[in-house]
Amino acid sequence: MPRAEILSKQALHTLTQLHAELAGKIETNRKSGDKLRSQMVQVEAVMKMLDPDFNARAISAKRRNTGNPWFKRGTLYRGAVDVLRRAEKPMTAREISDALLAGKTPTATRKQEEAIQAALLAALRVRNGKTVVGEGAPAKWRLAAN
């Protein structure tokens, strides 16, 4: 039993450190959020000075899309179609994404591989029955017959 007690103490110590680190990140982000909110209020005040009838609530938040280093916007599906053209048999989304990432630099992390596979699967599902056909579970994709 002493061994289990030591492991429990080590686990609790590690989890305590992780909790403290996460709390610090939350506090930093809260402070950053407060600063950004005050800057937005100042920008809105200047807008009101220029045009008293201006409604700042009508402005929607702009979200930045982070791209990936291998495929520009809209080219992932085209690459998948090229892979399917060269393939002799139907392929799963994972096999297609692995073929697309083969030889690309920088090497993708596991999380990036999963994100590309998910994006590829979404693109294939949207076009299922049109340019590609998915059969079975997990779906094996092939080009649709023209």
Side-chain angles (χ1 to χ4, degrees), residues 7-146:
L7 291 178
S8 296
K9 284 183 181 179
Q10 291 171 338
L12 282 173
H13 177 70
T14 303
L15 291 172
T16 302
Q17 288 178 327
L18 178 62
H19 187 275
E21 184 179 330
L22 293 173
K25 286 182 179 181
I26 289 172
E27 182 62 23
T28 301
N29 286 332
R30 187 191 60 77
K31 287 179 182 175
S32 296
D34 291 343
K35 185 176 179 181
L36 290 173
R37 269 189 287 286
S38 72
Q39 290 174 351
M40 276 182 60
V41 167
Q42 291 171 353
V43 169
E44 289 173 8
V46 172
M47 291 172 152
K48 287 285 187 186
M49 286 171 45
L50 296 173
D51 183 5
D53 296 330
F54 186 80
N55 183 8
R57 299 218 185 268
I59 302 171
S60 61
K62 185 174 185 178
R63 195 179 85 204
R64 297 263 181 210
N65 291 331
T66 55
N68 70 54
W70 307 281
F71 304 100
K72 291 184 180 178
R73 192 169 173 90
T75 61
L76 180 64
Y77 178 72
R78 282 184 255 156
V81 169
D82 289 340
V83 168
L84 289 173
R85 280 190 190 123
R86 291 189 302 267
E88 290 116 26
K89 60 182 176 76
M91 301 173 76
T92 63
R94 180 169 186 167
E95 292 169 340
I96 297 169
S97 67
D98 289 345
L100 286 170
L101 288 173
K104 300 264 187 184
T105 54
T107 306
T109 64
R110 182 70 191 139
K111 186 176 180 181
Q112 289 171 326
E113 287 176 359
E114 289 172 356
I116 288 176
Q117 183 180 341
L120 177 62
L121 190 56
L124 291 169
R125 285 180 178 158
V126 165
R127 294 163 179 91
N128 191 11
K130 298 169 190 150
T131 55
V132 293
V133 177
E135 299 165 343
K140 292 201 177 246
W141 298 91
R142 63 175 173 80
L143 292 176
N146 289 337

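Small disclaimer: the values here were computed from a predicted structure and weren't measured. Hydrogens, waters and symmetry mates are skipped; everything else that's a heavy atom, side chains included, is used.
For the pair Lys48 and Glu44, the salt-bridge criterion is not met [side-chain N within less than 4.0 Å of a carboxylate O].
Contact check for Arg110 versus Glu113: side-chain heavy atoms found under the 4.5 Å cut-off. Residues Leu36 and Gln39 are in side-chain contact: their nearest non-hydrogen atoms beyond the backbone lie under 4.5 Å apart. Side chains of Arg94 and Asp98 form a contact here, defined as non-hydrogen atoms less than 4.5 Å apart. Taking the side chain as every heavy atom from C-beta outward, Val81 and Trp141 never approach each other to under 4.5 Å. Contact of the Leu100 side chain with the Ile116 side chain is not registered, since no non-hydrogen atoms from C-beta on lie closer than 4.5 Å. In this structure, Met40 and Ile59 have side chains that are not in contact, with every pair of non-hydrogen atoms separated by 4.5 Å or more. Between Arg86 and Asp82, some side-chain heavy-atom pair lies under the 4.5 Å cut-off.
Atoms NZ and NZ, on Lys140 and Lys89 in that order, are 5.5 Å from each other to the nearest 0.5 Å. Atoms CG and CG, on Leu120 and Leu101 in that order, are 9.5 Å from each other to the nearest 0.5 Å. Rounded to the nearest 0.5 angstrom, Ser8 OG and His13 NE2 are separated by 14.5 Å. Leu124 contributes atom CG, which lies 10.5 Å from atom CD of Gln117 (distance to the nearest 0.5 angstrom). Atom CG of Leu22 is separated from atom NE2 of His19 by 7.5 Å, given to the nearest 0.5 angstrom.
Residues satisfying the side chain to side chain contact (heavy atoms under 4.5 Å, CB included) test with Glu27, not counting sequence neighbours, are Arg30, Lys31. For Thr131, the side chain to side chain donor-acceptor pair (under 3.5 Å) partners are Tyr77, not counting sequence neighbours. With sequence neighbours excluded, the residues satisfying side chain to side chain donor-acceptor pair (under 3.5 Å) with Thr109 are Gln112.
Minimum interatomic distance between Thr107 and Trp70 (heavy atoms only, all atoms of both residues): C-CZ2, 4.2 Å. The two residues Ala99 and Met91 have their closest heavy-atom pair at CB-CE, 4.5 Å. Residues Ser38 and Lys35 come closest through the heavy atom pair OG-O, 2.8 Å.
Within 6.0 Å of CZ on Arg125 lie no more than 12 heavy atoms contributed by other residues, nucleotides or ligands.
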